[in-house]
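Please read the structure below before turning to the comments.
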Number of protein chains: 2
Amino acid sequence: MARTRFSPQRSLILEYVKQSTDHPTAEEIYQALKDCFPGLSRGTVYRNLNLLSDDGIIFKLPLPVERFDGFTNPHPHLICSGCGSVHDLKIDYDSGLDQLASESCGYQIQRHESFFFGLCPGCAADQQ
Amino acid sequence: MARTRFSPQRSLILEYVKQSTDHPTAEEIYQALKDCFPGLSRGTVYRNLNLLSDDGIIFKLPLPVERFDGFTNPHPHLICSGCGSVHDLKIDYDSGLDQLASESCGYQIQRHESFFFGLCPGCAADQQ
DNA sequence: TATTAAATAGGAATGATTCTTATTTTAACA
DNA sequence: TGTTAAAATAAGAATCATTCCTATTTAATA
């Protein structure tokens, strides 16, 4: 699965996603890297993010604006309804759920993805 | 919360979403209704879908392409990785999950949304 | 009936993402 | 080591979903 060639651009993008914890968008990654890698193009960022997630090396969250996660082991995400920020949620999530779902619907379940929506402390304070 | 005025267009759009079971996109709703309501515009479809989901009368799924659900009570969704179709999943889902998540992260959790990804029987057959 | 807020049609604008093309890089191997 | 061919790139055009704008229409109510 893994690519045979790893260009400097691809390595940089992968490294950035792996070390980030805020589930950046493609645009955010492009903005963060374009100065330390002059000439880097948006197309390259998008293409490599897709290749890397196709290969299972990073994870693409199925949200209206795509966000990327360096952790590929399944875990739920927490989305602030106020500011849209995304965080990992550290609760133990029933790993038998896919099996249960599979039995209920007859699909071959590959994975599941859960999003909890709520107000982060900052946005909750703003609403007072 | 509910709108005071209900135009024929809005009623039609609501009725369509309520009676459909395939979680249509805005475009699909527009295509389905434009012939029986000549002059209907995409703008009207999008605007009303947003108003209706703001009011909690329908539900907007947080997916890269937005899809709408006439059932507003929480339930997980099943997405085919092959054809992209969306179905409701009828498993009993722990209603204490929001509470658990809330305690773990300090957010005020409003709701959660779970997506199971897998191959529907048709797409699974195609892969043989 | 006149007023006015809400809603509409139609299309322009926006924003995210993908695609195209000409060029450059690099791995493999003669 | 030089050649070749596949893979990757930059730049920007194209696409697609969605929102916004404007002039017009509708409908509740005073």
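Proteins get letters first, then strands, A, B, ... in listed order; numbering begins at 1 in each.
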Under 4.0 Å between a side-chain N/O of Tyr46(B) and OP1 or OP2 of dT19(D), yes or no?
-> no
Of the nucleotides dA10(D), dT26(C), dT18(D), which one has an atom closest to the side chain of Thr44(A)?
-> dA10(D)
Find the distance Asn48(A):CG to dA7(D):P and express it as a whole number of Å.
-> 14 Å
Given atom CZ of Phe37(B) and atom P of dA9(C), what is their separation to the nearest angstrom?
-> 6 Å
Rounded distance (Å) that lies between atom P of dT8(C) and atom CG of Leu12(B) = 11 Å
Please report, rounded to the nearest Å, how far the P atom of dA6(C) is from the CG atom of Leu51(B).
-> 12 Å
Take atom CZ of Arg67(B) and atom P of dA17(D), then tell me their distance rounded to the nearest Å.
-> 11 Å
Presence of Asn50(B) side-chain N/O under 4.0 Å of dT18(D) phosphate oxygens OP1/OP2 | no
To the nearest angstrom, the OH-C1' distance between Tyr30(B) and dT18(D) comes to 14 Å
Closest to the 5' end of DNA chain C, once Gly43(B) and Ser7(B) are matched to their nearest nucleotides, is Ser7(B)
Judged by atom type as modelled, is there a donor-acceptor pair below 3.5 Å linking the side chain of Asp55(A) to the main-chain atoms of Ile57(A)?
-> no
If only atom types and distance count, is the side chain of Thr44(B) paired as donor or acceptor with the main-chain N or O of Leu40(B) below 3.5 Å?
-> no
Between atom CD in Glu28(A) and atom C1' in dA16(C), what is the gap in whole Å?
-> 13 Å
Ile29(B) CD1 - dA17(D) P separation (whole Å) | 14 Å
Any Arg42(B) side-chain N or O less than 4.0 Å from OP1/OP2 of dA9(C) | no
Report whether Tyr16(B) and Leu14(B) are members of the same hydrophobic cluster (ILVMFWY, side-chain heavy atoms less than 4.5 Å apart, transitive linking).
-> yes
Closest to the Val65(A) side chain: dT18(D), dT26(C), dA16(C)?
-> dA16(C)
For dA10(D), does OP1 or OP2 lie under 4.0 Å from any side-chain N or O of Gln9(A)?
-> yes
How is Glu66(A) classified with respect to the nucleic acid when contacts are heavy atoms under 4.0 Å: base, sugar-phosphate, or nothing?
-> sugar-phosphate
Any Ser41(A) side-chain nitrogen or oxygen under 4.0 Å from OP1 or OP2 of dT9(D) | no
Has the side chain of Ser114(A) got a donor or acceptor atom that lies under 3.5 Å from a matching backbone atom of Ser114(B)?
-> no
Arg47(A) vs dT18(C): side-chain N/O to OP1/OP2 distance below 4.0 Å = no
Which of parallel (below 30°), tilted (30 to 60°) and perpendicular (above 60°) describes His87(A) and Tyr107(B)?
-> perpendicular
From the options dA10(D), dT8(C), dT26(C), select the nucleotide whose nearest atom is closest to the side chain of Leu40(A).
-> dA10(D)
